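This report refers to the structure that appears directly beneath it.
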Amino acid sequence: MNEFNYYVIDRASDEAYPLIAPQDDSRHTMLYSMTKTKIDTPERVQYKFCDPIPRKPVIGDYFSEPESVVSRKIADVLEPMHIDGIQLIPAEIKTNTGKILANYFYIHIYNHIKAIDRNKSEYEVDDYDPDFFIWIDSFELDREVLAKIPREKRLIFKLRESSTTHLYHESIVQAIKAVNPKGVSFTKVEDWYL
């Protein structure tokens, strides 16, 4: 296992897996993704299926909106690891038929690391904040930056340059894959492109 192997986690590309979005009356759900600290007394986060809704939706173990929402199966893998910088918050998803899927968890990632190797990546910088990218075509991680951070402090993190990009260390990916989750894909950073 390589110390610097990271993966982008995403919903499987099969269109049978539905998209989700925050429920209209769940303002705190939308605010959590902007919070860069642990949430002391979190409320259950509420999502709903959103368009386009598949004709026959397949309920998987992973949803993205673009935040990560996982089933109990994946939460049971992550929870005992006590991963620094993440928090599992109970979530529910309302389907297009009104059914509530209650055994899900929002992964609140409040660990942000500025880790893109700018010389080996293709991106467009925000005019107002040069540390933030408004577009990334492809990227590589700066191994010198990561080497200065103990591995246990960077097992899961959001890129400071693009907070919708969540990175999972290879050891976490292997642990998740071991439980055979449905509806999730993992792409090695070097193979990821938009």
Side-chain angles (χ1 to χ4, degrees), residues 1-15 17 19-22 30-38 47 50 60-70 74 77-78 81 83-88 105-178 181-194:
M1 182 179 321
N2 187 311
E3 179 74 12
F4 304 108
N5 279 350
Y6 282 89
Y7 292 77
V8 176
I9 188 171
D10 206 351
R11 177 181 67 96
S13 59
D14 186 331
E15 292 179 8
Y17 293 105
L19 299 170
I20 61 171
M30 293 179 269
L31 294 176
Y32 284 175
S33 64
M34 295 182 269
T35 306
K36 294 184 180 180
T37 59
K38 186 174 183 178
Y47 299 96
C50 62
D61 294 301
Y62 182 86
F63 292 90
S64 65
E65 62 76 40
E67 300 301 317
S68 295
V69 178
V70 298
I74 294 176
V77 171
L78 300 177
M81 294 178 160
I83 298 168
D84 192 65
I86 75 162
Q87 181 179 10
L88 296 171
F105 295 83
Y106 159 61
I107 303 178
H108 174 49
I109 304 172
Y110 55 94
N111 185 19
H112 294 237
I113 300 175
K114 184 178 174 184
I116 289 183
D117 185 328
R118 291 180 177 231
N119 295 322
K120 297 179 179 175
S121 305
E122 295 180 32
Y123 56 87
E124 186 177 336
V125 175
D126 185 306
D127 291 337
Y128 299 103
D129 183 354
D131 284 340
F132 187 75
F133 298 172
I134 56 175
W135 189 261
I136 299 175
D137 284 329
S138 63
F139 70 98
E140 288 190 33
L141 296 173
D142 188 326
R143 291 180 178 216
E144 288 182 23
V145 168
L146 294 176
K148 294 175 185 174
I149 303 168
R151 189 177 88 168
E152 65 272 9
K153 301 284 187 187
R154 55 179 170 83
L155 290 172
I156 297 177
F157 65 93
K158 287 184 179 183
L159 285 173
R160 163 62 182 93
E161 298 91 339
S162 173
S163 62
T164 59
T165 306
H166 311 161
L167 299 182
Y168 288 66
H169 188 268
E170 182 177 42
S171 59
I172 304 298
V173 169
Q174 287 179 352
I176 293 171
K177 283 182 174 181
K182 289 179 8 185
V184 61
S185 70
F186 301 95
T187 307
K188 200 169 182 181
V189 164
E190 291 80 6
D191 298 330
W192 183 91
Y193 62 90
L194 197 58

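Since we're looking at a predicted model, the values are computed, not measured. Quick note: residue numbers are just sequence positions, from 1.
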> How far apart are the C-alpha atoms of F63 and Y47, what are their side-chain angles, what is the distance that settles it, and do they pass the side-chain contact (heavy atoms from CB on, under 4.5 Å) test?
Replying inline: CA-CA 10 Å; F63 292 90; Y47 299 96; over 6 Å; no

>> One pair to check against side-chain contact (heavy atoms from CB on, under 4.5 Å): D117 and V145. What are the steps and the verdict?
In response: CA-CA 9 Å; D117 185 328; V145 168; over 6 Å; no

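Here the straight-line distance linking atom CZ of F186 with atom CD of E170 works out to 12.0 Å at 0.5 Å rounding. In this structure, CD1 in I149 is found 11.5 Å from CG in L155, a value given to the nearest 0.5 Å. Taken from NZ in K153 to CG in L146, the straight-line distance is 15.0 Å, to the nearest 0.5 Å. Rounded to the nearest 0.5 angstrom, I113 CD1 and I156 CD1 are separated by 11.5 Å. Separation of atoms CG (N111) and NZ (K38) is listed at 13.5 Å; rounding is to 0.5 Å. Of the inter-residue distances, the one linking H112 atom NE2 with Y110 atom OH reads 10.5 Å to the nearest 0.5 angstrom.
Residues I172 and M81 approach most closely at CD1-SD, 3.5 Å, considering heavy atoms. When all heavy atoms are compared, the tightest approach of A115 to F157 is CB-CE1, 4.2 Å. The shortest non-hydrogen separation linking K182 to Y17 is CB-OH, 4.0 Å. Taking both residues in full, the closest heavy atoms of H169 and E3 are given as NE2-O, 3.1 Å, listed atom of the first, atom of the second, then distance. Considering all non-hydrogen atoms of both residues, S64 and D10 come closest at OG-OD1, 3.4 Å. For T35 against H108, the heavy-atom pair with the smallest separation is O-CE1, 3.0 Å.
By the side chain to side chain donor-acceptor pair (under 3.5 Å) test, D61 is found to be paired with S71, residues two or more places apart in sequence or in another chain being considered. The side-chain contact (heavy atoms from CB on, under 4.5 Å) check on S68 picks up I9, Y62, I107, H166, Y168, with sequence neighbours excluded.
Other residues, nucleotides and ligands contribute at most 12 non-hydrogen atoms within 6.0 Å of the CD atom of E15.
Using a cutoff of 4.0 Å between basic side-chain nitrogens and carboxylate oxygens, E67 and K158 are scored as salt-bridged.
When side chains are defined from C-beta on, V8 counts as touching L167, because their heavy atoms get closer than 4.5 Å. Counting heavy atoms from C-beta on, the side chains of D84 and E152 never come closer than 4.5 Å. Between D142 and N119, every side-chain heavy-atom pair lies at or beyond the 4.5 Å cut-off.
Of the listed residues (F139, Y7, Y6), just one forms a ring-ring contact (aromatic ring centres under 6.0 Å, His included) with W192, and that residue is F139.
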